[in-house]
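Report on the structure given below.
Here is how names work: the chains are called A, B, and so on, in the same order as the sequence lines, proteins then strands, and each is numbered from 1.
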Protein chains: 2
Amino acid sequence: MVSMETTATVEPIALLRGAGLRVTDSRIAVIAALADHPHSGVDAVLTAVSMHLPHTSRQAVHNVLNDLTEAGIARRIEPAGQPGLFELRVGDNHHHIVCQRCGAVADVDCVTGHAPCLTPSTTSGFDLTEAEVTFWGICSACKVTQAEPAASAL
Amino acid sequence: MVSMETTATVEPIALLRGAGLRVTDSRIAVIAALADHPHSGVDAVLTAVSMHLPHTSRQAVHNVLNDLTEAGIARRIEPAGQPGLFELRVGDNHHHIVCQRCGAVADVDCVTGHAPCLTPSTTSGFDLTEAEVTFWGICSACKVTQAEPAASAL
DNA sequence: AGGTTGTTTTGACTCTGTCAAAAGAGGGGG
DNA sequence: CCCCCTCTTTTGACAGAGTCAAAACAACCT
């Protein structure tokens with residue numbers, strides 16, 4: 001096991017133990033990566049994790065992210081046309097605003113304050129579980145650089 | 001060109017001409033398929049189209065759907081974890097409710113009546129273009145058949 | 001420390017969609 | 001009415017994202 005210093009705000013070990021998941025280097029590193037860079041995809045997480053653990057496989061990152069998501073530690077979002085992104089902010093019903101040019105994602109607090117924060121006019125016989133809101137727009141970086149996508153998107 | 005009878009509600013030829021697109025059998029058949037079965041994916045459209053035009057390729061369906069979407073005749077939605085779905089209802093700001101078990105999709109009229117029908121609390125510097133709402137729940141078929149997915153989903 | 005069980009690695013595979021070149025068809029001009 | 005230019009469609013290879021599965025390995029309970 002490797003000691004990690006990036007545990008300022010979140011406490012990976014406690015999160016994992018609390019979820020009944022074994023504490024492994026990979027999982028700690030993935031949680032740290034998500035804490036540093038929310039809305040990261042598998043590639044971004046793998047890159048971050050590889051700095052501490054060079055032999056980490058892409059599949060391991062997939063495994064960990066799926067495990068964390070199932071355990072309720074992470075949440076997966078998937079804006080149309082993009083690969084899945086992950087974040088640790090979970091349990092509060094917040095939403096996202098996505099840049100249509102560069103794919104950058106920012107958090108948006110719940111529109112009306114409670115979950116599910118919206119009620120459809122007609123549910124067509126569905127039992128409603130959740131309302132997911134995605135705002136689309138152009139991020140401030142792309143507004144300036146009308147020529148090339150913002151670097152922050154990658 | 002093959003004569004189509006399924007043009008009761010929508011008029012494919014007029015739609016295509018109006019958009020400056022050439023009128024082809026494939027395009028007429030795809031529009032007819034979407035008129036009959038909104039929220040269809042490429043596979044479903046291909047199956048429907050193949051009944052009239054057995055030699056239609058999957059790529060042709062992709063082409064047509066992309067062309068229709070760019071022309072504003074069709075709209076593409078992509079619920080998380082599902083392939084893209086297409087519908088002809090376009091221009092009204094309506095939303096969708098998706099079954100978490102079988103993937104069935106139903107339309108939901110705009111939550112408050114105007115587009116964009118929601119305003120985020122903070123836009124994080126983004127220029128807002130659109131608000132997309134996806135409701136998640138369990139469809140009536142899946143409520144009954146708690147064991148196997150509803151056939152309507154396929 | 002030892003063994004059981006859960007993780008990680010490795011690599012093949014599926015699914016969805018795009019790219020590109022050649023063959024074919026729409027439709028405006030003659 | 002026919003021709004020809006251009007747009008569509010076919011065909012087949014390819015790319016991106018993710019899953020499946022078996023063997024090697026590590027966490028952690030006792």
With a 4.0 Å cut-off, would you call A:Asp109 and A:Arg89 a salt bridge?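 Yes, A:Asp109 and A:Arg89 are salt-bridged.
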Would you call B:Asp92 and B:Arg75 a salt bridge, taking side-chain N to carboxylate O under 4.0 Å as the test?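 Salt bridge between B:Asp92 and B:Arg75, a charged N being under 4.0 Å from a carboxylate O: no.
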Verify the distance criterion only: is there a donor paired with an acceptor across the side chains of A:His96 and A:Glu132 at less than 3.5 Å?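 Judged by distance alone, the side chains do not pair up.
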Is a side-chain donor-acceptor pair under 3.5 Å present for B:Asp107 with B:His39?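 Side-chain D/A pair, B:His39 to B:Asp107: present.
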What contact category does A:Gly84 fall into here, base, sugar-phosphate, or nothing, at under 4.0 angstrom with non-hydrogen atoms?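 Touches sugar-phosphate only.
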Return the value, rounded to whole Å, for the distance between atom [atom1] of [X] and atom [atom2] of [N].
X	N	atom1	atom2	value
A:Leu65	D:dA17	CG	P	14 Å
A:Gln59	D:dA23	CD	P	16 Å
A:Asp43	D:dA17	CG	C1'	9 Å
A:Ile31	C:dT7	CD1	P	13 Å
B:Asp67	C:dG17	CG	P	15 Å
B:Leu53	C:dG24	CG	P	17 Å
B:His55	D:dT10	NE2	P	10 Å
B:Leu16	D:dC7	CG	C1'	13 Å

Nearest to the [X] side chain among [options], which nucleotide is it?
X	options	result
B:Arg17	C:dG17, D:dT19, C:dG27	C:dG27
B:Arg76	C:dG17, D:dC28, D:dT8	C:dG17
B:Arg22	D:dT10, D:dT6, C:dT7	D:dT6

Below the 4.0 Å mark, does [N] have OP1 or OP2 next to a side-chain nitrogen or oxygen of [X]?
X	N	result
A:Arg58	C:dT9	no
A:Thr24	C:dT8	yes
B:Arg27	D:dT8	yes
A:Asn63	D:dG18	no

Within a reach of under 6.0 Å around NE2 of B:His94, are more than 12 heavy atoms found that belong to other residues, nucleotides or ligands?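 Yes.
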Member of B:Val30, B:Leu65, B:Val61 meeting the side-chain contact (heavy atoms from CB on, under 4.5 Å) criterion with B:Leu46: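 It is B:Val61, the one option of B:Val30, B:Leu65, B:Val61 that forms the side-chain contact (heavy atoms from CB on, under 4.5 Å) with B:Leu46.
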With respect to A:Ile73, which candidate in A:Val64, A:Leu88, A:Val90 satisfies the side-chain contact (heavy atoms from CB on, under 4.5 Å) definition?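 It is A:Leu88; the other options fail the test.
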Report the residue (A:Leu21 or B:Asn66) whose heavy-atom-nearest nucleotide on DNA chain C is the more 5′ of the two.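 Closer to the 5' end of DNA chain C: A:Leu21.
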5'-most by nearest nucleotide on DNA chain C - A:Ser26 or B:Phe86: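 Looking at DNA chain C, the more 5' nearest nucleotide goes with A:Ser26.
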Between B:Glu70 and B:Asn66, is the side-chain hydrogen bond (donor to acceptor under 3.5 Å, both in side chains) condition met? List the steps. CA-CA 6 Å; B:Glu70 279 178 18; B:Asn66 287 341; over 6 Å; no
Enter the inter-axis angle for the ends of the helix from C:dA1-D:dT30 to C:dG30-D:dC1 (five pairs per end, rounded to 10°).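 Here the helix ends are tilted 30° relative to one another.
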